[in-house]
Enquirer: 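Pasting in a structure now, in structure tokens, and then I'll have a few things to ask.
The figures that follow rest on heavy atoms only: side chains count, while hydrogens, waters and symmetry mates do not.
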Amino acid sequence: MARKPRITPEAEPVTLRDPLDTALGMIAASGWRSFSLVELARELNVPLGEVYRQFPSRVAVLDRLGRRLDQRMLELAAADLDDMSVRERLFELIMRRFDAMKPYRDVLVRLARESRGDLAVAGASLGNMTRAVAKIIDAAGIRGPGLLLAHNGVGLLYLRLVRIWLQDDDPEQARLLAELDKGLARLEEGARRLCRFMPRRRTAAPDVAAA
């Protein structure tokens with residue numbers, strides 16, 4: 001008896017929508033708790049496997065967003081930083097990171113509000129912050145003895161700035177700018193103090209104190 005041919009369903013139209021933007025839009029509209037990768041696949045009209053290939057878990061969406069923000073922060077020529085001091089480079093790079101975050105403000109504010117106590121989100125957020133700070137420090141040209149101070153100091157400063165940014169919707173960002181300026185001044189002073197306790201042969205000045 002001849003086998004009946006297998007009926008293959010017609011291929012569904014492939015979506016051209018950006019998966020990350022679609023996921024973020026869903027989170028902004030319905031919240032983090034309601035977001036699922038199954039619903040994302042349904043919204044995009046693609047197989048579940050395609051969604052899970054791009055986002056192995058829900059928090060992978062947050063990791064992808066962090067990497068996109070890093071990329072946009074660094075969309076400038078190296079020569080644009082050449083005539084700046086290290087402090088000016090830090091200021092420029094950090095503000096570029098917050099400028100990159102502006103289009104996603106609604107989703108980030110809602111995510112911060114609804115994910116308290118969610119260890120997976122906290123871990124993804126910490127990973128994004130750590131990676132962003134490392135890129136900021138490297139692009140600013142901080143090397144040598146000031147590196148550990150910079151990682152700790154810039155990391156804590158960035159965390160304070162994120163909290164301000166989430167709470168303050170002032171388009172001029174006056175509070176954010178003021179805190180950034182004060183924070184960099186404190187880092188600079190800390191680096192100068194560090195210099196005085198280091199052997200002269202090892203340092204002319206930690207790079208983070210360059211001005």
Side-chain angles (χ1 to χ4, degrees), residues 17-29 31-32 35 54-55 59-115 121-142 150-188 207-208 210-211:
R17 296 166 65 185
D18 181 83
L20 178 58
D21 285 339
T22 303
L24 295 173
M26 293 171 66
I27 296 169
W32 173 251
F35 173 70
Q54 298 197 43
F55 305 116
V59 294
V61 172
L62 309 183
D63 178 76
R64 178 82 68 84
L65 174 59
R67 294 178 187 278
R68 175 183 286 184
L69 297 176
D70 291 344
Q71 181 180 353
R72 291 183 178 175
M73 172 183 70
L74 297 172
E75 287 177 348
L76 76 170
D80 292 340
L81 301 173
D82 286 348
D83 295 330
M84 296 182 186
S85 67
V86 171
R87 176 173 170 172
E88 289 169 338
R89 291 173 191 168
L90 288 171
F91 189 97
E92 175 69 19
L93 290 163
I94 290 171
M95 286 309 301
R96 286 181 63 87
R97 188 61 157 65
F98 282 101
D99 287 343
M101 289 163 60
K102 283 181 182 178
Y104 307 101
R105 179 176 175 79
D106 289 347
V107 66
L108 291 172
V109 169
R110 182 158 192 175
L111 184 65
R113 184 174 65 246
E114 295 185 357
S115 64
V121 174
S125 299
L126 179 61
N128 281 340
M129 187 192 78
T130 302
R131 186 178 58 247
V133 168
K135 291 186 177 185
I136 288 168
I137 289 171
D138 189 65
I142 299 174
H151 272 284
N152 292 336
V154 174
L156 290 173
L157 173 59
Y158 185 81
L159 183 58
R160 288 199 303 273
L161 295 172
V162 168
R163 289 171 176 167
I164 290 172
W165 185 83
L166 289 171
Q167 297 168 3
D168 187 4
D169 58 359
D170 174 16
E172 299 299 323
Q173 302 183 104
R175 185 181 168 199
L176 184 75
L177 290 165
E179 183 60 32
L180 175 55
D181 195 52
K182 287 191 297 183
L184 292 177
R186 287 192 295 265
L187 279 177
E188 198 169 42
D207 291 338
V208 72

Enquirer: I want to check something: taking the side chain as every heavy atom from C-beta on, are Q54 and L20 in contact at a cut-off of under 4.5 Å?
Expert: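 No - every pair of side-chain heavy atoms lies 4.5 Å or more apart.
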
Enquirer: Main chain of V133, side chain of R97: is a donor-acceptor contact present, judged purely on distance under 3.5 Å?
Expert: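 It does not hold such a pair.
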
Enquirer: Kindly compute the distance separating CD (E92) from CE (M73), expressed to the nearest 0.5 Å.
Expert: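 That separation rounds to 11.0 Å.
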
Enquirer: For the CG atom of L184 and the CD atom of E88, what is their distance to the nearest 0.5 Å?
Expert: 10.5 Å

Enquirer: Verify side chain to side chain contact (heavy atoms under 4.5 Å, CB included) between L76 and R96, making sure each step is shown before the conclusion.
Expert: CA-CA 10 Å; L76 76 170; R96 286 181 63 87; 4.0 Å; yes

Enquirer: If you compare all heavy atoms of A23 against all heavy atoms of V61, which two are closest, and at what distance to 0.1 Å?
Expert: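 Where A23 meets V61 most closely, the heavy atoms are CB-CG1, 4.0 Å.
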
Enquirer: Looking at D80 and R89, is any side-chain nitrogen of the basic one under 4.0 Å from a carboxylate oxygen of the acidic one?
Expert: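 No salt bridge links R89 with D80.
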
Enquirer: Begin with the C-alpha distance, continue with both residues' side-chain angles, and end with the deciding distance and a verdict on side chain to side chain contact (heavy atoms under 4.5 Å, CB included) for R160 and L180.
Expert: CA-CA 9 Å; R160 288 199 303 273; L180 175 55; over 6 Å; no

Enquirer: Would you compute the distance between atom CD1 of I136 and atom NE2 of H151 and round it to the nearest 0.5 angstrom?
Expert: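 I136 CD1 to H151 NE2: 11.0 Å, rounded to 0.5 Å.
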
Enquirer: Which pair of non-hydrogen atoms, one from L187 and one from G153, has the smallest distance, and what is that distance?
Expert: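 Heavy atoms only, the tightest pair is CD2-CA, 3.4 Å.
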
Enquirer: With a 4.0 Å cut-off, would you call K102 and D99 a salt bridge?
Expert: yes

Enquirer: Do you know which two heavy atoms are closest between A100 and L69, and how far apart they sit?
Expert: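 Smallest heavy-atom distance, with atoms named: O-CD2, 3.2 Å.
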
Enquirer: Mark yes when over 12 heavy atoms from residues, nucleotides or ligands other than R163 sit less than 6.0 Å from its CZ; otherwise mark no.
Expert: no

Enquirer: Could you check whether D63 pairs with R131 (Lys NZ or Arg NE/NH1/NH2 to Asp/Glu carboxylate O, under 4.0 Å)?
Expert: yes

Enquirer: At their closest point, which heavy atom of V86 faces which heavy atom of A140, and how far apart are they?
Expert: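 Smallest heavy-atom distance, with atoms named: CG2-O, 3.9 Å.
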
Enquirer: In the structure I gave you, are the side-chain heavy atoms of W165 and L108 within less than 4.5 Å of one another anywhere?
Expert: yes

Enquirer: Of L111, D21, V109, which meets side chain to side chain contact (heavy atoms under 4.5 Å, CB included) against Y104?
Expert: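 Single pass found, and it is D21.
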
Enquirer: Search all heavy atoms of G183 against all heavy atoms of L157 and return the closest pair with its distance.
Expert: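 Looks like CA-CD1, 3.8 Å.
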
Enquirer: Pick out which of I94, L161, D168 makes a side chain to side chain contact (heavy atoms under 4.5 Å, CB included) with L176.
Expert: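 Per the side chain to side chain contact (heavy atoms under 4.5 Å, CB included) rule, the option paired with L176 is L161, out of I94, L161, D168.
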
Enquirer: Any side-chain heavy-atom pair from L90 and Y158 closer than 4.5 angstrom?
Expert: no

Enquirer: Rounded to the nearest 0.5 Å, what separation is found between the CD atom of Q173 and the CE atom of M95?
Expert: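 Here the interatomic distance stands at 4.5 Å.
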
Enquirer: State, yes or no, whether a side-chain contact exists between V162 and M129 at a heavy-atom distance under 4.5 Å.
Expert: no

Enquirer: Hey, are the side chains of K135 and L93 touching, using non-hydrogen atoms and a 4.5 Å cut-off?
Expert: no

Enquirer: Taking the side chain as everything from C-beta on, heavy atoms only, tell me whether D181 gets closer than 4.5 Å to R87.
Expert: yes

Enquirer: For E75, does the CD atom have more than 12 heavy-atom neighbours from other residues, nucleotides or ligands under 6.0 Å away?
Expert: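 Count over threshold, so yes.
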
Enquirer: Looking at every heavy atom in both V121 and S115, which two are closest together, and how far apart are they?
Expert: CG1-OG, 3.5 Å

Enquirer: Do W32 and L62 have side-chain heavy atoms sitting under 4.5 Å apart?
Expert: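 Result yes, sub-4.5 Å side-chain heavy-atom pair found.
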
Enquirer: Would you mind checking if D106 and R110 are paired as a salt bridge, meaning a charged N to carboxylate O distance below 4.0 Å?
Expert: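 D106 and R110: not salt-bridged.
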
